[in-house]
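Below is one structure; the comments refer to it alone.
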Amino acid sequence: MAARRTFDTSAWPTRERILLHASKLFASLGYHGTSTRDIARAVGIRQPTVYSHFASKQAIAAELLHRDLSLGIAALEQLAVDGGGSAVELYRYLVWEVSYVRSTPFDLRALYLGDILEWPEFNEGRRLDQTYTALLSSIIERGMVARVFADGDVAFARQVVEAIEMETIRGAGRQRRSRILDEPDLVASFVLRALLRQPGRLDAVRTAARSRGPLVLPI
């Protein structure tokens, strides 16, 4: 059952509306299938106005990648500062990530469900993605070393977490309701239950994570 998310963007600056509509067009038409003329038409502006804000279509996609990946990196770095142990950190991250993806007006599908990050022109996005991957892997590795998480391959465990994130992005972009993806706690609990050496500790992890409150990123 589809549930349409609506956002009032009428008061948004032109630059932000360009990014918003570009993200939706990239997701529906593909990056290569979208032109700056398409973006201008969707925003309701002339094509030269797009170029007054962004030098190219590539610059628009690069800005979308930079914003999203920088936010994820900031979240993971803040979790390391907050502490609480790997299980609590991963639980809090997943709750934050699912909440963010389900609430953002930007359509993130083209950024991560395609192969944009493999293209040479998006070197900066790839660098940020590598930083993000290293931070997420660090949480999982620390959990395995501390014997909080079951022994296993760190890269595989990280890929499982990322698969959940990708499904959340896919569902949000298609605006489909899914009970588990609409409830961040269910997502975080599902992943932690699979990773914990002692799954019975899940309730204690959730309690400890909730006692710290929602993740707050530095401004």
Side-chain angles (χ1 to χ4, degrees), residues 4-79 93 96-137 158-159 161-163 165-175 215-219:
R4 295 293 173 184
R5 297 180 299 161
T6 59
F7 302 90
D8 182 6
T9 63
S10 58
W12 282 25
T14 300
R15 180 182 177 86
E16 296 302 305
R17 290 190 291 120
I18 289 172
L19 289 168
L20 174 66
H21 287 285
S23 76
K24 294 179 178 181
L25 288 170
F26 291 158
S28 61
L29 302 179
Y31 175 77
H32 286 305
T34 301
S35 68
T36 53
R37 188 180 301 277
D38 294 328
I39 296 170
R41 185 181 304 114
V43 178
I45 57 177
R46 297 174 61 248
Q47 190 177 20
T49 304
V50 174
Y51 289 117
S52 70
H53 292 276
F54 296 96
S56 63
K57 179 178 70 173
Q58 177 187 330
I60 297 173
E63 174 68 12
L64 288 166
L65 277 170
H66 177 81
R67 286 191 181 194
D68 190 68
L69 287 167
S70 294
L71 196 61
I73 290 169
L76 290 168
E77 290 177 337
Q78 184 59 46
L79 285 166
Y93 173 70
W96 173 85
E97 171 73 10
V98 173
S99 299
Y100 161 67
V101 170
R102 296 300 292 178
S103 65
T104 181
F106 295 94
D107 193 325
L108 306 176
R109 286 178 293 168
L111 303 184
Y112 303 111
L113 301 181
D115 56 358
I116 280 181
L117 284 170
E118 298 176 11
W119 301 343
E121 57 265 42
F122 293 106
N123 284 333
E124 174 63 12
R126 188 160 53 253
R127 183 190 67 78
L128 288 170
D129 187 56
Q130 290 169 350
T131 299
Y132 167 83
T133 296
L135 289 168
L136 182 56
S137 296
R158 189 201 72 245
Q159 289 166 3
V161 173
E162 291 177 341
E165 295 174 346
M166 294 304 105
E167 187 58 33
T168 304
I169 288 172
R170 183 179 289 107
R174 292 176 177 172
Q175 299 181 333
L215 177 62
V216 178
L217 302 185
I219 298 175

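Residue indices begin at 1 and follow the sequence shown.
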Is there a donor-acceptor pair under 3.5 Å between the side chain of Lys57 and the backbone N or O of Ala22?
no
Gln78 and Leu215, any side-chain heavy atoms less than 4.5 Å apart:
yes
Taking Ser70 for the side chain and Arg67 for the main chain, is one N or O donor matched with an acceptor at less than 3.5 Å?
no
Run the side-chain donor-acceptor check on residues 114-122: report pairs under 3.5 Å with partners two or more places apart or on a different chain.
residue : atom : partner : partner atom : Å
Asp115  : OD1  : Trp119  : NE1          : 3.4
Trp119  : NE1  : Asp115  : O            : 3.3

Would a 4.5 Å heavy-atom cut-off, applied to side chains only, mark Glu16 and Leu20 as touching?
no
Going through the distances and angles, do Thr168 and Glu97 end up as a side chain to side chain contact (heavy atoms under 4.5 Å, CB included)?
CA-CA 9 Å; Thr168 304; Glu97 171 73 10; over 6 Å; no
With heavy-atom distances below 4.5 Å as the criterion, would you say the side chains of Leu19 and Glu63 are in contact?
yes
Looking only at atom types and distance, does a side-chain atom of Arg109 sit under 3.5 Å from a main-chain N or O of Ala27, one as donor and one as acceptor?
no
If you define the side chain from C-beta out and look only at heavy atoms, does anything of Tyr112 sit under 4.5 Å from Glu162?
no
Side chains of Ile73 and Leu128: closer than 4.5 Å at any heavy-atom pair?
yes
Can you find a heavy atom in the side chain of Ile18 that is under 4.5 Å from one in the side chain of Ile45?
yes
State, yes or no, whether a side-chain contact exists between Asp107 and Phe26 at a heavy-atom distance under 4.5 Å.
no
Checking Arg158 side chain against Ser137 main chain: does a donor-acceptor pair fall under 3.5 Å?
no
What do the steps show when you test Trp96 against Leu217 for side chain to side chain contact (heavy atoms under 4.5 Å, CB included), and what is the final call?
CA-CA 10 Å; Trp96 173 85; Leu217 302 185; 4.1 Å; yes
Residues which pass side chain to side chain donor-acceptor pair (under 3.5 Å) with Asp38, listed by chain and number, not counting sequence neighbours
Ser35, Arg41
Do Phe106 and Asp68 make a side-chain contact, defined as non-hydrogen atoms from C-beta onward lying under 4.5 Å apart?
no
